[in-house]
Amino acid sequence: MTAKSSEQRILAAIRAIPRGQVAGYGEVAQRAGLPGRARLVARVLGNHDEPDLPWYRVLRSDGRIAFPEGSRGFREQSQRLRAEGVRVENGRVRRVKPAPDLDEALWGPGAG
DNA sequence: AATTTGACCCGTC
DNA sequence: AGACGGGCCAAAT
């Protein structure tokens, strides 16, 4: 038997996204062992047939919904995200604040 | 077969 | 924040 197809790995990575949390296409691709294949992830999402697939937890790297504002997918995704407690604002998801660099902590404002 | 398209990403300005 | 260019890969034209 051959190895699992990339599609299966991508689907698995998407299913692995915890409820109430989101992930970027590139992030999913990387978790699926396919770094740089973000577009492939998008294609797979467009071809998905599984109703239980949390496709709505996948966003752009900017934290924005990949659908055009006002589109059906856009509203559905934003609504589903809000249903999980994700804060969606103007088609954009408030992502987790990145950890500050050590230099910033040491040499930041007030360190002088 | 070449070009365009698509639920994209990253570094740089 | 937004704009630009390069990368990536498969389907559609």
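Throughout, a chain's letter reflects where its sequence line sits, starting with A, and its residues are numbered from 1.
Rounded to a whole angstrom, the distance from the P atom of dG5(C) to that of dA7(B) is 23 Å. Comparing dA10(C) with dA1(B), their C1' atoms are spaced 15 Å from each other, to the whole Å.
Between Glu84(A) and Arg80(A) there is no salt bridge, since no side-chain N of the basic residue sits under 4.0 Å from a carboxylate O of the acidic one.
The nearest whole Å value for the distance from the CG atom in Asp62(A) to the P atom in dA7(B) is 17 Å. For Arg31(A) and dC9(B), the CZ to C1' distance is 16 Å, given to the nearest whole Å. Nucleotide dA10(C) holds its C1' atom 15 Å from the CG atom of Leu45(A), rounded to whole Å. As rounded to whole Å, 14 Å separates atom C1' of dC8(B) from atom CG of Leu34(A). Between the C1' atom of dA7(B) and the CZ atom of Arg75(A) lies a distance of 16 Å, rounded to the nearest Å. Spacing between atom CZ of Phe67(A) and atom P of dC8(B) amounts to 8 Å, rounded to whole angstrom units. As rounded to whole Å, 12 Å separates atom C1' of dC8(B) from atom CD1 of Ile10(A). Per the geometry, CD belonging to Glu69(A) stands 16 Å off C1' belonging to dG2(C), to the nearest Å.
A sub-4.0 Å separation between OP1 or OP2 of dC9(B) and a side-chain N or O of Arg64(A) is absent. Within the structure, every side-chain polar atom (N or O) of Arg37(A) is placed at least 4.0 Å from both OP1 and OP2 of dC8(C).
In this structure, of dC8(B), dA7(B), dA10(C), it is dC8(B) that holds the atom nearest to the side chain of Arg60(A). Taking every side-chain heavy atom of Trp55(A) into account, dA7(B) is the closest of dA10(C), dC9(B), dA7(B). Nearest nucleotide to the side chain of Ser61(A), out of dC9(B), dA11(C), dA7(B): dC9(B).
For the pair Leu53(A)/Leu45(A), a side-chain contact is recorded, criterion being any heavy-atom separation below 4.5 Å from C-beta on. Using a 4.5 Å heavy-atom threshold, the side chains of Leu11(A) and Glu7(A) count as touching. Annotation: side chain of Val58(A) is not in contact with side chain of Val22(A) (no heavy-atom distance under 4.5 Å).
Nearest-nucleotide positions on DNA chain C for Ala38(A) and Asn47(A) put Ala38(A) closer to the 5' end. Taking for each of Glu27(A) and Arg43(A) the nucleotide of DNA chain B with the nearest heavy atom, the 5'-most of the two is the partner of Arg43(A).
In the displayed structure, Gln79(A) atom CD is contacted under 6.0 Å by at most 12 heavy atoms of other residues, nucleotides or ligands.
Within 4.0 Å of Gly46(A), counting heavy atoms only, lies at least one base atom of the nucleic acid.
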